[in-house]
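Notes for the one structure printed next.
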Amino acid sequence: MNHYDNRYADPSSYRERRSDLIGPPPPVGPPAIGGYGRGGPVPYGGPPPAYGRGGGSAPPAGAGNFNGYPPFEPPVGRFDIGRGGGRTANGHVGVGDRRVGSVGRGGAGGRGFDLGRGGGRLGTSRDGGVRRDLDNIALPKQDFGNLVHFEKNFYVETPSVRAMSEHEAVAYRTRREIMVEGHDIPKPIRMFHEANFPDYCLEVIAKLGFVEPTAIQAQGWPMALKGRDLIGIAETGSGKTLAYLLPALVHVSAQPRLGHGEGPIVLVLAPTRELAVQIQEEAVKFASRANIRSTCIYGGAPKGPQIRDLKRGVEIVIATPGRLIDMLEAQHTNLRRVTYLVLDEADRMLDMGFEPQIRKIVAQIRPDRQTLYWSATWPREVETLARQFLRNAYKVIIGSPYLKANQSIAQVVEVVTEVEKYNRLIKLLKEAMDGSRILIFMETKKGCDQVTRQLRIDGWPALSIHGDKSQAERDWVLAEFKTGRSPIMTATDVAARGLDVKDIKCVINYDFPSSLEDYVHRIGRTGRAGAKGTAFTFLTHSNAKFARDLVKILQEAGQVVSPALSALARSAGSALGGSGGNFRTRGRGGGYGNRALISGSNVIPLGGRRPW
DNA sequence: AAAAAAT
């Protein structure tokens, strides 16, 4: 037990023991806010230094610069993706050399390293073949026969928590709408210091300006610190990331230090690259203070630096599944030291597209690990599947156990026809352009590109992010959006979950999403951390099957339901059928999207007038 | 019928 007690009494001791270790990369500084204003010209200093070729080149003459928004500057050079990786500017040569076919360890279990990707044996179509390959990669079987015990219970009640009566704990949970399940549930904490985090955590928390734990943190922290498995469900923007990251740091600090060739202790899995990067940025803020190293492993970026981080030894890995499996297959790392596993956006991670990959990864991790699932949405069907990977789990739900939207988002639903959408969008933009950001969701990548193109022709400073764009372009577009240099972003569901961008005052669902869970996540890009936001949603008759459940979500959040929406709801059945049947029922449409041009020429110069 | 996740 009191491992952790001792450590906490002297937080410097661990740092000293580890003084030989190299610290993590410095945290990424917050992007400068501003640069976009209603009246004035927008300062634009040329393409982003990270990607720019020449740097700071003046935008070409012509309409493109009229509003001060840059024409698209193709971010090439640094991420020379898809050409073998040997020619990157920073000279990571031969990343591909040591990949497939390396011999498995001679030890127990099959090795199954013979599934090269070079041959494309499962079909050469870009879309489809790739995923089947991924699913077919066999990782070496792990032998968990004689593992040594590891410590995972670090929860020590402070006197003030101990003094809380059972009755007070229940009252606190009622007041903050905390619903708990499981055996031996700890009392919630009311203040940050009651979680017994190391001082550096409290310092960073103070610096970030947080005053009180959110409900999910108040109950989730003591549960996670107890070392038990956990399902944590709380609305978008309510602080789930810190709810699992801070216990992760405590967990890491109490484990034996990494030996040569050992992989991470904490593994966090996320469904998109941008979300993984964002979690990593959050982790670094805290971990760097404890000399705990963390890194992000995700596709579309050069492997060299990622491999280097893994080889050097890193306590926390935040990853998207595909690249992690790739790294495991190539034995750049292993998961034999992982004792704290997090699935962020867990319902998404367990849906059809991801489940096989998750199974593969989880099979590499010792069964007595601590496993934590987090999401704002948790369809009933997922839980059965999820429980396969859990033991004696707690469950904590904030607010209603049903599908629920964040209450601080105003939701406006408009019943329209397909052809009316664009003009209606323009009207909304004219009202909404006030210096903050506007995020527009589309159903398809192609639709995304088409609307973005038209918006730019009409002079609207919009850029688009979706999965057919190069990672460099995705990074660049998101950065332009975050800084406000390009205040309108159109997106597919790649941007639906988890992304935390400041000052998104307005989300527009140009196309209705394919599930109500996605609806809740999409609109949750606004109204973060108690801020207000507005979500506009275009609903057509072809979306009628969602109307009834959408009405429920609106009512639950205290929103006005328009007569048009009620009428549509009455005219159609429920999308959820008996029991939420829209989960895991959809197959993948093959070969749909069109690959974005590497040159970025799908982003056209802005039209020559300022329409707002 | 879509998106995402390796090259």
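Each chain gets a letter, A, B and so on, in the order the sequences are listed, and its residues count up from 1.
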**Item:** Gap between atoms CG and C1', on A/Leu350 and B/dA5 respectively (whole Å)
**Value:** 14 Å

**Message:** Please confirm whether the shortest side-chain N or O distance from A/Arg497 to OP1 or OP2 of B/dA4 is below 4.0 Å.
**Reply:** no

**Request:** Measure the distance from CE on A/Met349 to P on B/dA5 and round it to the nearest whole Å.
**Result:** 10 Å

**Request:** Answer yes or no: is there an ion pair linking A/Asp347 with A/Arg497, defined by an N-O contact shorter than 4.0 Å?
**Result:** yes

**Asked** Taking the side chain of A/Lys445 as its heavy atoms from C-beta onward, which of B/dA5, B/dA4, B/dT7 lies nearest to it?
**Response** B/dA4

**Item:** Closest to the A/Lys303 side chain, choosing from B/dA5, B/dA3, B/dT7
**Value:** B/dT7

**Item:** Side-chain N,O (A/Arg273) to OP1/OP2 (B/dA5) below 4.0 Å
**Value:** yes

**Asked** Whole-Å distance between B/dA5 C1' and A/Arg323 CZ?
**Response** 11 Å

**Asked** Expressed in angstrom and rounded to an integer, what is the separation of A/Ile358 atom CD1 from B/dA6 atom P?
**Response** 11 Å

**Prompt:** A/Lys360 NZ to B/dA5 P: how many Å, rounded?
**Reply:** 18 Å

**Ion pair A/Lys446/A/Asp449, N-O distance below 4.0 Å** = no

**Request:** Figure out the CD/P separation between A/Gln471 and B/dA3, and round it to whole Å.
**Result:** 17 Å

**Message:** Let's test your reading of the model: under 3.5 Å, does the base of B/dA4 pair with the side chain of A/Arg348 as donor and acceptor?
**Reply:** yes

**Distance in angstrom units between A/Glu355 CD and B/dA3 C1', rounded** = 17 Å

**Item:** Short side-chain N/O contact to B/dA3 OP1/OP2 from A/Ser514, under 4.0 Å
**Value:** no

**Request:** Verify side-chain contact (heavy atoms from CB on, under 4.5 Å) between A/Leu429 and A/Ile488, making sure each step is shown before the conclusion.
**Result:** CA-CA 9 Å; A/Leu429 291 181; A/Ile488 302 173; 4.1 Å; yes

**Message:** Within the 3.5 Å criterion, strictly below it, is a donor on A/Trp374 or A/Glu345 matched to an acceptor on the partner's side chain?
**Reply:** no

**Request:** Answer yes or no: does a side-chain N or O of A/Arg474 lie under 4.0 Å from OP1 or OP2 of B/dA5?
**Result:** yes

**Message:** From CD of A/Gln306 over to C1' of B/dT7, roughly how many Å is that when rounded to an integer?
**Reply:** 13 Å

**Given B/dT7, B/dA5, B/dA4, the nucleotide with the shortest approach to the side chain of A/His466** = B/dA4

**Message:** Listing request: all side-chain hydrogen bond (donor to acceptor under 3.5 Å, both in side chains) pairs with a residue in residues 233-244 of chain A, at least two apart in sequence or in separate chains.
**Reply:** A/Tyr244-A/Asp344

**Request:** For B/dA6, take OP1 and OP2 only and decide whether either is under 4.0 Å from a side-chain N or O of A/Thr320.
**Result:** yes

